[in-house]
Amino acid sequence: MMSRPLPVTIERTAYGVGALSLAVLPQLDAGGVNATVAVLGGGCAWWLYRRATRSDFHKALVAAQRGLPVLTGAAAYAAAVVTPGTHWWEYAAPAAWGALMAVWLPVTRASWTPSPQPVAVGPVGFEAETAAKWAASQAAQQTRLVDVERLVPNGKDFTAVVVAPAGLPVPRFDQDAVAAVFDVPVDAVQAIQDIPGSGPGRKRLTITPSDRKGGRSFEDDWAARVGCADGAIPRSRVVQVRQDPGRVMILAEVPSGQVATINHPQLCSAFGVKAEELRLIAETDGGTQALVTLYDTSPLTGTRPATRDMVTPNADGWWVIGTAHDGTDVYSRLWNGTGAVHGYVVGVTGSGKTVAIVLGLAAAANAGAVSWLASLDPDAQLAAAGQYIDRQGAGRLFAARAVRAAVRLMTIRGEINAEVGHDFSPASPYPMLTLDLDEFNGLCDDSELGQEIAAGAVAIAERGRKYGLRVCFAGQTLDLSRIGGDRSLREQTRSGTGVVLRTVSGISGRQATEGMLPEGVELAEIPTVIGGGLTIADRMQGVTEAPHGASTAGMGHALNGSAPRMMRVLYVHLPKDGTAHNLDELFPEGGMVSTLTAREIAALDAADLYGDWTAPVTEAETAAAQEATGKAKRVTAKDRILALLTGEMTTKEIRDAIPDLAAGTVRNALAELAGDGLIANPDHGVYAPID
């Protein structure tokens, strides 16, 4: 331990006495004095040599500071002794030595250390400070930390890569020693893990003290609340946690050979948030991994205006329909390498369904496609878009005539395809035709026109791709099983884009997506508003005035044959008060409207299918409709179940007996038949005919 330095005055007095002694004692030439000075000087030189060769620089510097006065004084004494006679410098040298030692007193003190010219600045930022703590500790064992990533704002949680010296593996670390370096609980130190693709010289260290209370970690809580057998994502474990401004992302994984399934309401409960806040987004692609993103506030409350560039398809048929919760573009598609692709839009009044339909019409127009739009009832907003497309109208008669013409067009275009030697492509001599049928379930009632619409729509969905015909089903609900061809319709629409907005109930959403989603994927329901209404806690506190909340119009999910994406549809100004819209900015510049080719129009005219679709019904048309619906008389899922059910059967047995129907379709049909009193339900999951 370093001794406390003497006061400056005493040290300077000592140097003065030493200078006087150096001037007088050599003249005595006493053997005892000479021996004493020789021992002091030699011993000091040997001590300094040992320090310089066996210690670090700092210790060698301290030794030199202490030995400087003794060595220089002994040298002056020896010079005076060995020189014969008496000379003037024998008195001047001691005086100079004493003056020099007094002036350089700070340097000659053992407590002095040099101060560099620039003041050293310590590590800046959490990452640099963390790496510096590790480098200065004995626990590091010559390793260093790189790629330090902070996991929790203002917390000590981080992950980093431990790098060993070249050619050496990362050593085993004592968990207590590592915890002491960063002043965290011992159980906050995760086991040193191998890094995929790296050798033993690089390993990952993770410190996570923030979520540890009473010895429990975030991973422990996840396992107990989310990853347990009956949890929101059964059998899952946390793989990675990422903290960004305003959000936390958690990547979870289930064991190989299993599929990650998500119960969204249960997951929200596990995180202590309300599902209707739309702050927690959970996604999976039907594989082993799930991505959970928790936002500070809902990321979908803002709107993004549509532009012509966004809704103009590229060479592969993709165009932007909305913005995902993470700020990226969400795409819809009009065609792919095999031809036109179909789609659907589901959403209740006020959910943004009309805007989604109009965006699709604008995309088709910008691609040079012909658009026909039919709805069950007149709609002023759709009528505004009707000015920019080939044909638009309302009612079953208009829809039946549109479907009838489209079905006949497939025959006409089949002849053209045979002539040019290929099916529909961007090089075809005719444009794509997109047929939008709004309130599709309402159009397809049990009337002759309704059945004709259903049969024609199924034919277009199943065979229209190679003729450049695209059908888009839209409605507040969308139960495709009602029109027959359930399985084939879903297979055809999977290659296109489905948009599921706010629906009447979870059943409506499941009907629309049955067979369309990867296994284990269930869409989160969209609330009417975000932040509106009174909570139970509000009512307990006597609050009576409910906040209005933020509108969820346009919020929903986009399905493109893979993992659904939560998004908000682009904004289009479609006022209901008669003020001007902004459709001029979306549809082709100059108001150009695409139509069928002259050959196609002439062929449809010859069949009396291209006239006024709002004209009164003719007798010939009625007869043709009766003939068409008679040939295409549909057999529904309910009909097939009633014919099958001759005795008690379980739901599984019924599904196995009708394998071409989706499981959800069978469940829904059974529930409706039992509710209508057409079949009995003697036990849970068991059905029987009525006696």
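Because only heavy atoms are used, hydrogens play no part in the values below, and waters and symmetry mates are left out as well, while side chains stay in. Just so you know, residue 1 is the first one in the sequence shown, and it goes up from there.
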Under the criterion side chain to side chain contact (heavy atoms under 4.5 Å, CB included), which of V569, V355, I526, V346 is the partner of L501? V569
Please find the pair of heavy atoms, one from I453 and one from A399, that lie closest to each other, and give the distance. CD1-CB, 3.8 Å
Mind checking side-chain hydrogen bond (donor to acceptor under 3.5 Å, both in side chains) for R413 and listing every partner two or more places apart, or none if nothing turns up? E600
Minimum heavy-atom separation for G350 to A553, with atom names? O-CB, 3.5 Å
Should we count CD of E277 as having more than 12 external heavy atoms under 6.0 Å? yes
Are more than 12 heavy atoms from other residues, nucleotides or ligands located less than 6.0 Å from atom CD of E589? no
Taking only residues two or more places apart in sequence, or in another chain, which ones meet T552 in a side-chain hydrogen bond (donor to acceptor under 3.5 Å, both in side chains)? none
Side-chain touch R333/W318, heavy atoms, less than 4.5 angstrom: yes
Check whether more than 12 heavy atoms from other residues, nucleotides or ligands sit under 6.0 Å from atom CZ of R408, and answer yes or no. no
Atom CZ of R404 and atom OH of Y610: how far apart are they, to the nearest 0.5 Å? 16.0 Å
Using every non-hydrogen atom in the two residues, find where E283 and P564 come nearest and quote the distance to one decimal. OE2-O, 4.3 Å
Separation between NZ (K353) and CZ (R502), nearest 0.5 Å, reads 12.0 Å
D329 side chain reached by M310 side chain, heavy atoms, under 4.5 Å: no
Output yes when a side-chain donor or acceptor of H342 lies under 3.5 Å from a complementary backbone atom of E462, and no otherwise. no
Note: L278 and M555 closest approach over all heavy atoms is CD1-SD, 3.7 Å
Can you spot which of L300, L294, T293 makes a side chain to side chain contact (heavy atoms under 4.5 Å, CB included) with R279? L294
Looking just at side-chain N and O atoms, do T307 and D309 make a donor-acceptor pair shorter than 3.5 Å? no
Between D326 and R247, does at least one N-O distance fall below 4.0 Å, as a salt bridge requires? no
Heavy atoms of Y295 and T297 approach each other most closely as CB-O, 3.1 Å
Taking ring-ring contact (aromatic ring centres under 6.0 Å, His included) as the definition, give me every residue that meets it alongside F587, ordered by chain and number, with sequence neighbours left out. Y388
R465 bridged to D423 by N-O distance under 4.0 Å: no
If every non-hydrogen atom of I321 is compared with every non-hydrogen atom of M567, which pair is closest and at what distance? CG2-SD, 4.2 Å
Only distances under 3.5 Å count here; give the side-chain donor-acceptor pairs of residues 376-387 to other protein atoms, sequence neighbours excluded, each with its distance to 0.1 Å.
from: D379; atom 1: OD1; to: Q381; atom 2: N; distance (Å): 2.9
from: D379; atom 1: OD1; to: L382; atom 2: N; distance (Å): 3.0
from: Q381; atom 1: NE2; to: L574; atom 2: O; distance (Å): 2.5

Non-neighbouring partners of Y331 that pass side-chain hydrogen bond (donor to acceptor under 3.5 Å, both in side chains), sequence neighbours left out: none
Please indicate whether D608 has more than 12 foreign heavy atoms, meaning atoms of other residues, nucleotides or ligands, lying under 6.0 Å from its CG. no
Of all residues at least two apart in sequence or in a different chain, which pass the side-chain hydrogen bond (donor to acceptor under 3.5 Å, both in side chains) check with W372? D390
